[in-house]
Structures are given as C-alpha cells and as structure tokens.
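What follows is a short report on a single structure.
Chain identifiers are assigned alphabetically (A, B, ...) following the order of the sequence lines, protein sequences preceding nucleic acid strands; residue numbering begins at 1 within each chain.
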Protein chains: 2
Amino acid sequence: MTATATREETGHEAPSARQQAVLDAVLALLVEEGDQLTMDAVARRASCSKETLYKWFGDRDGLLTATVRWQASRVHAGRDAGGPLDAETLRERLLDFAVSWLDVIAGRTSVVLNRIAIAHAGSRKGNLGAIVLANGRLAIGARVKPVLEAGRAAGLLAFDDGETAFRTFFGLVGRDIQIRLLLGDALELDAAEIRRDAARAVDQFLALYGRARP
Amino acid sequence: MTATATREETGHEAPSARQQAVLDAVLALLVEEGDQLTMDAVARRASCSKETLYKWFGDRDGLLTATVRWQASRVHAGRDAGGPLDAETLRERLLDFAVSWLDVIAGRTSVVLNRIAIAHAGSRKGNLGAIVLANGRLAIGARVKPVLEAGRAAGLLAFDDGETAFRTFFGLVGRDIQIRLLLGDALELDAAEIRRDAARAVDQFLALYGRARP
DNA sequence: CCAGTACCGTACCGTACGGTACGCGGCTTC
DNA sequence: GAAGCCGCGTACCGTACGGTACGGTACTGG
C-alpha cells in the first residue's frame, strides 16, 4: 500500500520521490529541447524504462498532465498574511502579487508549459489547458480578489465588481508580455525590470481604483 | 510570366485565386478540426493534389506560413484617417482600435492561428511566431502609437515613452482574454460586450494618461 | 494535330514515435 | 536462500503522416 498507492484510480495523488524525479526530467527536457518531447527521450533522460512510464502515468497525456500538476504544486508559494490593511500594506501586497506573477510568466518553464497546454487545447481533450488555467490565471485571481475586497472594506479602493477590478490589475501587470514570450519573442526580463514593471502596474491600478482617504 | 510568377524565389508574392482557395481551406480545416491538420486532409478539402501543395508551398511549414500571411493580409482593415485631433476624436480612434483588436483576438481564426504559431515557436524555426507577432501585437502597436503621439502633440495626453503608454493600452484592452481563449476557456464575447470592454479600457487609459485641457 | 504544361487522384515510401513484450539484476519478505 | 516484485534496458510492433512518383485529363500555344 505504499508504492502502488500512488498510481490509484484518479491518478491525482502526490507523486513518489522517484516519480518526481521523472517529472523533473520531463520539465528539463521540455525547457531544453522545446516541445518535441518523446517518451523515449524521457525514459533515457530519467534513466527509467518506457514501460515504467506507461505503468505510472498511463499514456503520454497522463505524463504531461502529471508534469503540469507537479509544476503547479511548487508555484503556490503565496503569502496570504491577513491582518489590518492600511494603504501601505495594500500597495505592498499588490506589488508582491505583481512581482511573483511576472516572475512566473517570464520563466522558461511557464512558457514551455503554457505552450504545451495551448497546443493541447487545440486538439481535443482540454484537460491541460484547463489545468494550466486553473493554476495560473484563476489561482492568482482567487488570491488577489480577497485582497481587493479587503481594500474596499477598508475604504482604500472603490469598485463595483471585484472580478472586473482584478482583470484590470491582471492586464496592467501582464500587458503584452505573456503573448510575446509564447510567440517566441526574445524579451529578456531581469529582476530589476520586473520590479519596475510591477511597481508601475500597481501605481496605475491604484490611480484607477484607489480612493483618497475619505 | 503570369501563373508561375506567383511561386517565385521568396514565396512572398500574393497567392493566386486558386491558391487563396487552398489557404481558405486550410483555415476552415484549422477552425473545424483543431490543429491536427494533415496534408492529406488539406488536399482532400481543397480538391487538389498533395503534389500541387508541395509544389506551391514547399512543405508543411510553408503552407502554414502562407496561411498565416494570407489571414494577416485580410485583417489590415485599419482606418488611419489623419486630421486634427480633439479629445473626442482621440477617444473615438482609440475606441476603434480597441474594438477591432478585441474582434480579432476573440475570433476562432485568430485563436487557432495563434495556437499553431505558439506551438511552432516551441520547436525550432520561430518563423510562424515571429510572423504572427509582427502582424498582431506589433502591427497594432505601429498603428496606435502615432495616434498617441498625435494626442500628446495636441496636449491631450501626457507620457514620456510612447511604447510604454501603448503597452498599457494593450494590457487594459486585452487583459486576460487572449490567454484564456488560447487555453481553451469558453468565454463567449458578443459584440455588445466587446464594445463595453473597449469603452472601459479607453476610459481607463484616458484616466491614466489623459491631461485635463490645459 | 501535336508538344508542353498544369494539376488532379491515387498509390506508394520512409520514418518517427506511441505503445507493448520480454529478459535480467537487485530489492524485500518469509 | 528461494520466491516474488519493481523497475531498468532493449528490442519490437503498428500506424499516422510528411513527402514523392506516376498515370490520366484538360487547356494552351504553335
């Protein structure tokens, strides 16, 4: 009930250490080689047999799905510290989100995984697309919206619909960055530039939705 | 020098009527069948032989490239009417851009083509990605920026860098729409909603960059 | 009326890759 | 230390699909 339990019915359980190593190999391969990822290459890179791959992950799609989930599981480093909200902490929290979001989407791994998921969404079985969406856009939304609501409750922000406000924030932060990276634009973003972009986005968002202390 | 001239050295010339029909078949197939587009299917759909396909377009990538270019060539319906700029016409021009941009990216064809290009960008030969980028994000930028500059010249807008201002505009208009559609989110946008979204984006942009009449 | 050309339809080839089968070494368990 | 698994390595199979070859038909130019 130890090892075999990981490959249960739904295939949703946390992967074993060895399986994680395999998934990391997939990620590495994806990042290095682009998307023409073959099962052979994975087996070779991870020093395991294709048979094991199929036993653990079912088929190629299963392996991809597990990889996306695995990567998603390590991104969820969010600080959702609660507490009283003044203008300064609100700005800080938003800046935090903006920076970490830009960090994610500018990363090679994210780009490659999004490419895979998008290609996948184009041909039946929307699973991958849905998973990436749930762990990307939707997850960040779910974490930012409460902050916005808190900001409104504290009289620091003014908006009717939290979803709309968040989508504006999303647009101000991401702008054309993700689509350009997905389409292969070079567009190097270093930490400093990310910080500057994030700060600008937060300023603009507060200019649009902020309320002068009443 | 008539028919053969279309298949010249670079392969850049406008396609003949028959070739256009083939490219339309590719688009239709792409939209209907997702991305597992085979040369056989194209030949069958367009009632032409595979040999002709290869003769005209070189290989599969050539066909895809020609298709992307063909689609791009029909999107360039931009109104670049010059003339004096007052606040109202500025807002109108921006609204125009926003609406037509949303129309494009929300269309099935654009989604499918972007998917293809993104997948392509993931595996060598960034051509397709570069082409889509050039005809999408870059083209709209090239058309909007002069309007922004004109707005600044007329004292209606205030910004240091036109590129940055445009990217903000881009983000306010597109928000999360494109990535969601690419990843397979349903997200139906009718004309009314597009108009509303575009108007909100323009209002927000003017709130950020507009200058009260001096 | 006879080339020559363009192009359709179909049959064909080669290969890459997803998926399966099998033999063998190294564990755990009794 | 024998029995039984797990999982590695490798060889193998089937097929889908990119690309080519070839025969047949229509149109054009001389």
Side-chain angles (χ1 to χ4, degrees), chain A residues 1-8 11 13 15-26 29-30 32-67 116 119-120 122-125 127-128, chain B residues 1-8 11 13-26 29-30 32-68 116 119-120 122-125 127-128:
Chain A
M1 58 155 151
T2 58
T4 58
T6 59
R7 190 236 150 275
E8 217 68 88
E13 306 74 17
S16 71
R18 183 72 180 95
Q19 289 171 340
Q20 290 178 12
V22 171
L23 297 180
D24 281 332
V26 173
L29 230 31
L30 242 25
E32 290 167 23
E33 301 295 332
D35 74 347
Q36 77 324 1
L37 175 94
T38 73
M39 298 300 274
D40 254 315
V42 173
R44 223 174 313 120
R45 174 66 164 252
S47 294
C48 72
S49 77
K50 281 169 68 177
E51 190 161 17
T52 303
L53 250 31
Y54 284 102
K55 186 154 139 192
W56 283 348
F57 304 105
D59 58 6
R60 189 172 182 277
D61 267 14
L63 177 61
L64 254 24
T65 305
T67 303
I116 297 277
H120 200 91
S123 58
R124 310 292 178 278
K125 298 295 225 340
N127 320 42
L128 274 194
Chain B
M1 58 153 148
T2 59
T4 57
T6 60
R7 191 233 151 277
E8 217 67 90
E13 306 73 17
S16 71
R18 182 75 180 95
Q19 289 170 340
Q20 290 178 12
V22 170
L23 298 179
D24 281 332
V26 173
L29 230 32
L30 241 26
E32 290 166 24
E33 301 294 333
D35 73 348
Q36 75 328 355
L37 175 95
T38 73
M39 299 299 273
D40 254 316
V42 172
R44 224 174 311 121
R45 174 67 163 252
S47 294
C48 72
S49 78
K50 281 170 67 176
E51 191 162 17
T52 303
L53 250 31
Y54 284 102
K55 186 154 138 195
W56 282 348
F57 304 105
D59 58 6
R60 188 172 183 276
D61 267 13
L63 178 60
L64 254 24
T65 304
T67 303
V68 167
I116 298 277
H120 200 91
S123 57
R124 309 293 177 279
K125 298 295 227 341
N127 320 42
L128 274 194

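Contact check, A:W56 against D:dC6: no side-chain N or O comes under 4.0 Å of OP1 or OP2.
The NZ atom of A:K50 sits 21 Å away from the P atom of D:dC6 (whole-angstrom rounding). Atom CZ of B:R18 and atom P of C:dT5 are 21 Å apart (whole Å). Residue B:F57 contributes atom CZ, which lies 16 Å from atom P of C:dA6 at whole-angstrom precision. Straight-line distance from the CG atom of B:D59 to the P atom of C:dT15: 18 Å, rounded to whole Å. The distance from atom NZ of B:K55 to atom P of C:dC8 is 10 Å, rounded to the nearest whole Å. Taking atom CD of residue A:Q36 and atom C1' of nucleotide C:dG18, one finds them 15 Å apart after rounding to whole Å. Between A:L63 atom CG and C:dC17 atom P the separation is 15 Å, expressed in whole Å. In this structure, B:D35 places its CG atom 14 Å from C1' of D:dC17, rounding to the nearest Å.
For the atom pair B:L30 CG and B:L64 CG, the distance stands at 7.0 Å (nearest 0.5 Å). Put simply, OG1 on B:T67 and CG on B:L128 are 9.0 Å apart, with the number rounded to the nearest 0.5 Å. Atoms CZ and OG, from A:R18 and A:S47 in turn, are 7.0 Å apart once rounded to the nearest 0.5 Å. Expressed to the nearest 0.5 Å, how far CG of B:D24 lies from CG of B:L29 amounts to 12.0 Å. Summarising the geometry, atom OG1 belonging to A:T65 is positioned 6.0 Å from atom NE2 belonging to A:H120; distances are rounded to the nearest 0.5 Å.
Residue order along DNA chain D, read from the 5' end via each residue's closest nucleotide, puts A:A46 first among A:A46 and B:R60.
Side-chain contact check for A:L37 versus A:I116: every heavy-atom pair is 4.5 Å or farther apart.
In this structure, of D:dG7, C:dG9, C:dG18, it is C:dG9 that holds the atom nearest to the side chain of B:S49. When distances are taken from the side chain of B:S47 to each of C:dG18, C:dG9, D:dC8, the shortest belongs to C:dG9.
Note on A:E33 versus A:R45: no salt bridge recorded, every NZ/NE/NH1/NH2 to OD/OE distance being 4.0 Å or above.
If you check residues 37-45 of chain A against DNA chain D, you find no residue with a heavy atom closer than 4.0 Å.
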